[in-house]
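What follows is a set of notes on a single structure, which appears directly below.
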Amino acid sequence: MSDVEKFVIIGIDGADFFLTRDLMDRGDLPNLNSLRQRGIYSPLISTIPPLTPQAWSSFACGVNPGKHGIFDFGEIPLDSYESRLNTSEDRKARGFWEYLGAEGLSTSVINMPLTYPAEDLSEGYMIAGMHTPDLESLCAHKEVQKFLSTDFPDYCIDVMSFWYKDMDLFVDRVKNMVRMRTKLVKELRKRFPTDVLFFTFVGLDRVLHAFYSQQDFHTGGQGWKYETVGREVFKLIDDGVGEILSEISSDVPVMVLSDHGFGTLEKDVYLNNFFHQKGYLDFDPAMLTQAMTCHPSWDKGLFGALVFSALARIPFFRKKVSCHQKSFQALDWSKVKCFSTGLFGNVYLHRTDRFPEGWIDPHSSQYEDLLVEVVSDLRKLRLDGEPVVDEVYLSRDIYHGPWVFQAPDIILKMRDYSLITRGGQEFDSDDLADYPGVNHSGNHRMEGILFLSGPGFISGESPYVQAILEDLVPTLLYGLDLPIPLAMDGRVLFKAFLKEFKPTFYEETISRERSGSFELNDPQVRARLEALGYLDG
């Protein structure tokens with residue numbers, strides 16, 4: 001391992017391009033503004049949809065989701081309809097640290113989402129982030145794990161607003177998490193130096209989800225208690241960036257990025273209610289009857305159960321049954337043409353190659369006809385007289401690679417992501433849309449941030465660099481004068497560099513050699529994800 005970094009990469013989860021620019025302009029983020037003045041500041045376009053695990057995986061691998069296979073927090077296995085949590089083992093493509101390791105460069109990967117279980121890097125170490133169940137499971141590097149356990153026994157992995165009834169406590173925990181992350185990174189780079197340092201702050205994302213609609217930069221200021229929390233946490237992150245970079249030579253190139261931007265969240269959409277009304281899915285009468293009559297509150301006795309059972313055979317009545325009796329377990333899969341599950345409006349057609357009881361051949365004219373019909377109906381969908389859907393994407397058009405068949409057939413953009421679906425809560429309302437199932441008022445947007453600063457990069461006033469997440473690893477390898485795998489989807493951001501030289505491309509597999517299947521069964525983690533609506537309860 002080296003004594004001095006050759007490259008530093010900083011992630012700020014949820015940092016929005018427009019918000020960051022405005023806060024820099026008003027002097028709230030002096031350290032990031034210094035990077036802007038000495039380099040490039042540009043929008044960084046997220047994946048479709050701009051969802052955390054998919055976006056960070058696309059950045060880390062330099063490929064689109066069709067090649068790394070991560071499409072959501074949860075995944076429906078091929079032999080089931082019950083979603084399970086995606087982990088780092090489900091990522092099918094290699095991370096940038098593997099390419100660096102093959103060239104003899106060491107990397108520290110600290111707190112990137114979807115890195116649990118942490119990989120045992122050949123050169124360097126990884127400290128897992130979001131969804132890591134406990135402090136003893138953070139790192140596969142024995143010395144680093146020992147250091148964490150001994151020197152940082154109070155280290156905070158993550159903080160989510162819905163864990164707390166006391167929002168003052170939530171805000172304090174987020175701020176302490178940011179400070180702790182800064183302190184940890186400063187100590188790690190001294191004790192375990194690497195050639196490339198990567199670390200991520202997640203606190204901004206957490207407070208913007210919780211309080212976005214109250215923030216003074218959004219409302220103009222209404223005197224609300226938490227209206228400055230977003231700026232306060234972002235300032236703490238900026239302070240942390242400044243503290244860490246002050247200990248690193250100014251000759252070291254720096255990249256700062258976010259996985260997505262931010263905006264308002266207005267409502268959760270219950271697409272399966274719409275699909276039921278349109279006849280795209282239906283429920284099994286016996287399963288509905290069982291769900292109703294086995295409920296502790298059922299007080300109508302055997303005769304009432306017989307009446308309900310008879311009524312449940314009538315399609316019109318099934319459409320009127322309360323959401324509390326509806327679930328994926330109660331669906332009549334022989335009659336399901338399509339359904340929605342997951343976050344951000346994912347729609348699956350009931351295909352033979354994807355689901356155990358699928359009956360639609362994806363290569364048939366029947367599939368194409370159904371696709372056209374469903375898309376047409378979704379485009380006509382209205383809420384309060386206004387269209388729900390801005391854009392309809394077909395996975396086969398926006399993704400490419402060996403894992404596209406696992407993706408949703410249709411991905412929706414609903415009112416610029418101010419409306420979303422919520423996996424695990426697909427039947428929690430009788431209406432088409434309702435207030436968010438989690439007490440959030442903020443949601444992701446497409447425009448994240450990208451800073452490139454230091455030797456070799458253009459400085460001062462410069463045009464925006466048109467960049468997507470997949471571009472950053474090829475750009476990193478180019479900046480380190482390392483070969484770039486031809487199979488990567490991203491392109492080198494040549495306009496960001498002072499001097500352009502011909503990159504070296506080579507035939508190299510991007511597929512990851514995994515140690516085997518891994519499933520996160522920790523009950524506390526699962527309970528938290530169920531509460532957030534990521535997984536079925």
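- In terms of the side-chain hydrogen bond (donor to acceptor under 3.5 Å, both in side chains) criterion, residue partners of R181 (sequence neighbours excluded) are, by chain and number, Y155.
- Listed by chain and residue number, Y417, H444 satisfy the ring-ring contact (aromatic ring centres under 6.0 Å, His included) test with F344 (two or more places apart in sequence, or in another chain).
- With sequence neighbours left out, the side-chain contact (heavy atoms from CB on, under 4.5 Å) criterion links D168 to D166, K225, Y226.
- Considering all non-hydrogen atoms of both residues, L482 and L100 come closest at CD1-CD2, 3.6 Å.
- Applying the side-chain hydrogen bond (donor to acceptor under 3.5 Å, both in side chains) test to R206 and every residue at least two apart in sequence or in another chain returns D158.
- Among residues two or more places apart in sequence or in another chain, the ring-ring contact (aromatic ring centres under 6.0 Å, His included) test is passed with Y393 by none.
- Annotation for F497 and G479: closest pair CE2-CA, 3.9 Å, computed over non-hydrogen atoms.
- For A487, the side-chain contact (heavy atoms from CB on, under 4.5 Å) criterion is met by I510, not counting sequence neighbours.
- At distances below 3.5 Å, at least one donor-acceptor pair connects side-chain atoms of S395 with backbone N or O atoms of P408.
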Acceptor/donor pairs from residues 12-19 side chains to any protein atom, 3.5 angstrom cut, sequence neighbours excluded:
residue, atom, partner, partner atom, Å
D13, OD2, W56, NE1, 3.0
D16, OD1, F262, N, 3.0
D16, OD2, F18, N, 3.0
D16, OD2, L19, N, 3.0

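- With sequence neighbours excluded, no residue forms a ring-ring contact (aromatic ring centres under 6.0 Å, His included) with Y99.
- Every residue meeting the side-chain hydrogen bond (donor to acceptor under 3.5 Å, both in side chains) condition with E119, not counting sequence neighbours, appears here in chain and number order: R91, W97.
- Applying the side-chain contact (heavy atoms from CB on, under 4.5 Å) rule to S250 yields no partners; only residues at least two apart in sequence or on another chain are considered.
- Pairs of residues two or more places apart, or lying in two chains, never qualify as ring-ring contact (aromatic ring centres under 6.0 Å, His included) while including a residue from residues 227-246.
- With sequence neighbours excluded, the residues forming a side-chain hydrogen bond (donor to acceptor under 3.5 Å, both in side chains) with K186 are E243, listed by chain and number.
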